Protein chains: 2
Amino acid sequence: MTEDAYEVVATELRAAIDAGDYAPGQQLPSGPKLAERFGVHRGTVYRALEALATEGYVTLEKRRPAIVRERPRERMVVRDRVVYRDEIGYFFDQNAKTWRPVKPPTHRIAPPPNHVADTLGTARGENVLIRERIMAPPGAKRGLQLAISYLPLWLVAELPVIGGSNTGPGGIYDRIEEHFDQPIRWHETIVGRGPTSVEQDALTVPASGVVLVVTRAAQVEREDEELTVEINETSMPAEQFAVSYAVTRDESAAWPREADADES
Amino acid sequence: MTEDAYEVVATELRAAIDAGDYAPGQQLPSGPKLAERFGVHRGTVYRALEALATEGYVTLEKRRPAIVRERPRERMVVRDRVVYRDEIGYFFDQNAKTWRPVKPPTHRIAPPPNHVADTLGTARGENVLIRERIMAPPGAKRGLQLAISYLPLWLVAELPVIGGSNTGPGGIYDRIEEHFDQPIRWHETIVGRGPTSVEQDALTVPASGVVLVVTRAAQVEREDEELTVEINETSMPAEQFAVSYAVTRDESAAWPREADADES
DNA sequence: TAGTGGTCTAGACCACGGC
DNA sequence: CCGTGGTCTAGACCACTAT
């Protein structure tokens, strides 16, 4: 079925890790040594390690042997589809509440990616305000989430405070709700894909890695029109995160079931 | 910043696709031709195409030149955190309602992956009932979702009908709710990772590709204990799917905000 | 300074698709 | 049949780490 050499290597290493031959946190043998042991070329070993990394078994750091993940395939849960609020403002992730920016957030004016322009309702290539920041848990050296926020310039014109560095208590969302005098409605979309080069740098993800991207669109109404006032794209290394939530029942799925009640 | 040859190639091809130089649905030039045009080795071109594929720009089919995706970076939305019901039973995905199995579903008894055993509450290596099926939209030739369902054997012993091929109207969920006389509660977790070899075969995803995996756990209560009665893992090619839902407000995020009301 | 990871080239092989 | 994609080996280079 699968005879490919790199898969044989991957399968063998996976089994060894599951069996505890290599302790979590420890390094695997170096590339050349594994190549010799399996009798394959070093490049083939590297393909196998790439596969193990995207499955969450090992972490690849530059110029260091592969490291066995603490708890293979276990991930941090980051979203639960609910928005909370504390004295500082809204937050969408209970865990990330204490996280801090790795370096000062940036903001600039430039055109967003096409798919962002499409949902923002601006023309492709048209400038928007882009705020970017890299977040990490206290004590961590690596950035774990790259958050990019896109704001249409017509909104910045109406509400100049959101264009500055200090957006006041509660941040831009509070300013927007005050301005429109209504609650914001959010919608999230989750996607998995290979990392852009920006993400590779910010999150130290290898080119062969995977990122999970949560795209959050903020909407308000004005004169019966639906306006998208912000888009926030948060990307994170896929091996380290999972998105989790409880499933709620549509009316059609109410319990006890109608069929049961009617039955007789 | 990024001088790597394969990224240069990827960036150039991405720009060409965005600019419309290659129409959606059309093939890109062959590997050797691109290699000559960019003055790099064919292997380098291949790395670039892998990257474009995981970003959703192109589709790689075996032994055929890369094909430009119909609408680059656009994905089918499959879940919205709500469960519905029709005359047949529960369903979790409005789009997939009309999908059919590519071949007859299988069922067998074997140990599940460790992480499934852990949430099912069975010992690692202990046998469970595994049902597997590959779903595709009507008319499609490729499987688009691989759904694997894990059921603990103690439940099969109590409720033998769920071990058979024909589980009756409404399927196993209806049988379970009847048996426990209470509604099932579901919980979903979303993860992105590289494909297993089973997924590579079932979904025709290349080894370098990415899959989105939605793991749904079904729980009931008995004697104040929480029992996990089933785990369903549905994996799909990440470039073709997105998970999407509306964000709901926690009490702490009610609107109008208390601060506004108190303020004065 | 020796070893390593990450990338790249050159050349090879095989299975398969289109002609 | 030739061309293609996917994989593999051999050998090279560079930036970096550990010593």
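In what follows, chains carry the letters A, B, and so on, assigned in the order in which the sequence lines appear, proteins first and then strands, with residues in each chain numbered from 1. As the structure is a computational prediction, the values presented were derived from the model and not from experiment. Only this structure's heavy atoms are used, side chains among them; waters, hydrogens and symmetry mates stay out.
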Go through the structure and list residues passing side-chain hydrogen bond (donor to acceptor under 3.5 Å, both in side chains) with Ser30(A), not counting sequence neighbours.
-> none
Separation of Thr106(B) OG1 from Arg131(B) CZ (nearest 0.5 Å) = 9.5 Å
Rounding to a whole Å, what distance do you find between Glu7(B):CD and dG6(C):P?
-> 14 Å
Taking all non-hydrogen atoms of both residues, which atom of Leu49(A) and which atom of Ala66(A) are closest, and how far apart?
-> CD2-CB, 4.1 Å
Counterpart residues, side-chain hydrogen bond (donor to acceptor under 3.5 Å, both in side chains), relative to Thr122(B) (two or more places apart) = none
Is there a residue in residues 30-46 of chain A whose heavy atoms reach under 4.0 Å of DNA chain D, and which residues are they?
-> Val40(A), His41(A), Arg42(A), Thr44(A)
Do Glu230(B) and Ser149(B) have side chains that get closer than 4.5 Å, going by heavy atoms?
-> yes
In whole angstrom, give the distance that lies between atom CD of Glu50(B) and atom C1' of dG5(D).
-> 11 Å
side-chain hydrogen bond (donor to acceptor under 3.5 Å, both in side chains): pairs with one or both residues in residues 34-46 of chain A, sequence neighbours excluded | Tyr22(A)-Arg37(A)
Distance, rounded to the nearest Å, where Leu49(A) contributes CG and dG5(C) contributes P = 8 Å
Taking side-chain hydrogen bond (donor to acceptor under 3.5 Å, both in side chains) as the test, write out the residues that go with Glu132(B), two or more places apart.
-> Arg108(B)
Looking at CG of Leu144(B) and OG1 of Thr234(B), how far apart are the two atoms once the value is rounded to the nearest 0.5 Å?
-> 12.5 Å
Taken to the nearest whole Å, CZ/Arg47(A) to P/dG6(D) is 10 Å
Between atom CD in Gln200(A) and atom C1' in dG5(C), what is the gap in whole Å?
-> 15 Å
Please write out the pairs of protein N or O atoms and N or O atoms of nucleotides 14-19 of chain C separated by less than 3.5 Å, giving the distance to one decimal.
none

Rounded to the nearest Å, what distance is computed from the CD atom of residue Glu61(A) to the P atom of nucleotide dG3(C)?
-> 22 Å
Round to a whole Å and report the spacing from CD1 of Ile67(B) to C1' of dG5(D).
-> 12 Å
